[in-house]
2 protein chains.
Amino acid sequence: MNTATRKEEIVAVASSLFKEKGYNAVSMRDIAQEMGIKAASLYNHISGKQEILSTLILYLARKFTSGMQAVIDSGGTPLDKIKEVIEMHIDITVNHSEALAALNNDWMHLENEDLSNFVRMREDYEDNFRKIIKQGIEEGDLKPRHPEVILFSILSTLRTLYLWYQKRGKLDVNVLKKDMVAVLLEGIV
Amino acid sequence: MNTATRKEEIVAVASSLFKEKGYNAVSMRDIAQEMGIKAASLYNHISGKQEILSTLILYLARKFTSGMQAVIDSGGTPLDKIKEVIEMHIDITVNHSEALAALNNDWMHLENEDLSNFVRMREDYEDNFRKIIKQGIEEGDLKPRHPEVILFSILSTLRTLYLWYQKRGKLDVNVLKKDMVAVLLEGIV
DNA sequence: TAACAAAACTAACGTTTGTTAGTTACATAT
DNA sequence: ATATGTAACTAACAAACGTTAGTTTTGTTA
C-alpha cells in the first residue's frame with residue numbers, strides 16, 4: 001500500500017464527512033477516527049487539512065473543465081452541446097457524488113492560488129455554457145428567453161443533482177439522462 | 001431601541017456572514033465585530049449562537065410552509081399551483097436572499113427539536129409539491145415524465161435562486177417570474 | 001438629583017482546533 | 001542479522017472557540 005493510495009483513502013473518507021457536515025465542522029480527529037487511526041498519523045500522508053480540500057475540489061473542477069472543452073470541440077449544434085453538458089454532469093455526479101458536496105458548498109474555504117484558480121475555472125465554465133446558450137438563441141434553436149435564466153435553471157439543477165440522485169432508489173443512469181434532458185429542454189407541459 | 005429589534009439586527013448581520021462563509025466558519029467575535037461591539041455583548045440579546053441559526057432558519061421554513069398551504073388552498077389546477085409555487089419562491093428569495101443561504105447549507109447544524117422540526121417541515125413541503133406534480137400528470141396537464149425528476153429540477157432551480165438573483169443586475173421581479181415560469185414549464189426548445 | 005434598566009465593557013474559563021516533535025512497531029531488502 | 005523506510009503512536013503546543021461572571025457606561029424616569 002503506497003502513500004498515494006493512502007492519501008486517496010483519506011480524501012475519500014473526508015469527502016463523505018464533508019458532505020454530511022461541511023468542511024469546517026469536520027475535524028482532523030473526525031477523519032482519523034473514521035479511518036481507525038490517530039489524527040497525527042494523517043500527516044504522514046498529507047500536509048494538512050487544506051490539502052485534502054484542494055485535492056478534492058481541484059480534481060473535480062478539472063474534470064468539469066476538460067469535459068466542457070470536449071463538448072466545445074465536439075462540433076455539434078448548440079442544442080447537441082447542451083445535451084452533452086447535461087450528460088457530462090450526470091456522469092460526473094454518478095461517479096463522484098460524495099466529493100461534489102465540497103465543490104458546491106466548501107470551495108470558499110480554499111486558500112490563495114487554489115481559491116483563485118477555482119474561481120477562474122468556474123467563471124470560465126459558466127462563460128462557455130453561456131456562449132452555447134446565446135448561440136442557440138441566435139440560431140433559432142432555443143426560444144428567446146433571458147439567457148441568464150436558462151443558464152442558471154439548468155446549472156442549478158445539475159449542480160444539486162448529487163443531493164438526491166442516490167436517495168431516490170438509484171435511478172438507472174440512462175433513464176435519468178433521458179428524462180433530465182427531456183425535462184430541461186422540452187419542459188413539462 | 002428595544003431588545004427585539006437589536007436581536008433582529010444580530011440575526012440579519014449573522015445571516016450575511018453565514019452566506020459568505022457558512023455557520024461554522026463564522027465566530028461570535030466575527031458577528032460582534034461587524035456590529036461594532038464585543039462578542040460578550042451579544043449575550044445581552046440572544047442566548048447563544050444556536051439561537052441565531054434556529055431563529056433564522058425556522059422563520060423562513062415557516063414562511064415556505066404557510067406559502068405552500070396557501071397554494072394548496074387556492075383551488076386552481078395543478079398547473080396553476082406549480083406556477084404559484086414558483087412565484088412564491090421568487091418572492092421569498094427577493095425579500096430574504098441573505099438568510100436563504102443558511103436555510104440551504106447550514107440546516108444540519110440545528111440541534112434537537114429544531115433540527116427534527118425543520119426536517120419534518122422540509123419533507124412535508126416536498127411531499128406536497130410531489131402530490132401536485134403527480135396529480136398534474138394524472139390529469140394530463142403535465143407530460144408523463146418521472147415525477148421525481150420534475151420535482152427536483154424545479155426545486156433545485158428555485159432553491160439556488162438566491163445565489164445569482166442579485167449579482168446579475170437585479171432583474172425586475174415580474175420579468176423574472178415570467179421568464180422563470182416559462183423556462184421551467186415550457187422548456188427552452 | 002437619585003434610581004433604574006438596558007447594553008456595553010473587561011477578563012477569564014474550559015474545550016476543541018490544526019499541527020508539530022519525537023518515538024515505536026513492523027515489514028522488506030541487503 | 002542488520003539496516004531502511006513506512007506508517008502508526010503519545011504528548012504537547014498555541015490559537016481560536018463559545019460562553020460566563022462581574023463591572024461600567026449610558027440614557028431615561030421619578
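Here is the naming used below: chain letters follow the sequence lines, and residue numbers restart at 1 for every chain.
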Mind calculating the distance between [atom1] ([X]) and [atom2] ([N]) to the nearest angstrom?
| X | N | atom1 | atom2 | result |
| --- | --- | --- | --- | --- |
| Glu9(B) | dA7(C) | CD | C1' | 12 Å |
| Glu51(A) | dG18(C) | CD | P | 15 Å |
| Leu17(A) | dG18(C) | CG | P | 12 Å |
| Tyr43(A) | dA7(D) | OH | P | 17 Å |
| Ile46(A) | dT6(D) | CD1 | P | 17 Å |
| Asn24(B) | dA16(D) | CG | P | 17 Å |
| Ile37(B) | dA6(C) | CD1 | P | 16 Å |
| Arg6(B) | dT26(D) | CZ | C1' | 13 Å |

Between the base of dA6(C) and the side chain of Asn44(B), is one N or O donor paired with an acceptor at under 3.5 angstrom?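 Donor-acceptor pair under 3.5 Å: no.
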With DNA chain D as reference, determine whether Lys38(A) or Ala25(B) sits nearer its 5' end, using the nearest nucleotide of each.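 Whichever sits nearer the 5' end wins; that is Lys38(A).
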With a 4.0 Å limit, can you tell me whether [X] has a side-chain N or O closer than that to the phosphate oxygens OP1/OP2 of [N]?
| X | N | value |
| --- | --- | --- |
| Ser41(B) | dC9(C) | yes |
| Arg29(A) | dT19(C) | no |
| Lys49(B) | dG18(D) | yes |
| His45(B) | dA8(C) | yes |

Quick check for you: among dT19(D), dC17(D), dT19(C), whose closest atom lies nearest to any side-chain atom of Met28(B)?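 The closest nucleotide is dT19(D).
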Of the options dA21(D), dG18(C), dC9(D), whose atoms approach the side-chain atoms of Ala40(B) most closely?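 The closest nucleotide is dA21(D).
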Complement of dT28(D), any strand, by Watson-Crick or G-U distances under 3.5 angstrom: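 Check on dT28(D): paired to dA3(C), both distances under 3.5 Å.
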Checking Thr157(A) against Thr157(B) for the side chain to side chain donor-acceptor pair (under 3.5 Å) test, could you report, in this order, the C-alpha distance in whole Å, the side-chain angles of both residues, the deciding distance, and whether it holds? CA-CA 6 Å; Thr157(A) 302; Thr157(B) 302; 3.2 Å; yes
Close side-chain approach of Met180(A) to His146(B), heavy-atom, < 4.5 Å: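 Not in contact.
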Is the shortest side-chain heavy-atom distance between Tyr23(A) and Asn24(B) below 4.5 Å?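 Side-chain contact under 4.5 Å: no.
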Ser116(B) side chain vs Glu113(B) backbone, donor-acceptor pair below 3.5 Å: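 It does hold such a pair.
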Does either side chain, that of Asn44(A) or that of Ser41(A), offer a donor lying less than 3.5 Å from an acceptor on the other one?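 The criterion, which ignores hydrogens and geometry beyond distance, is not satisfied for Ser41(A) and Asn44(A).
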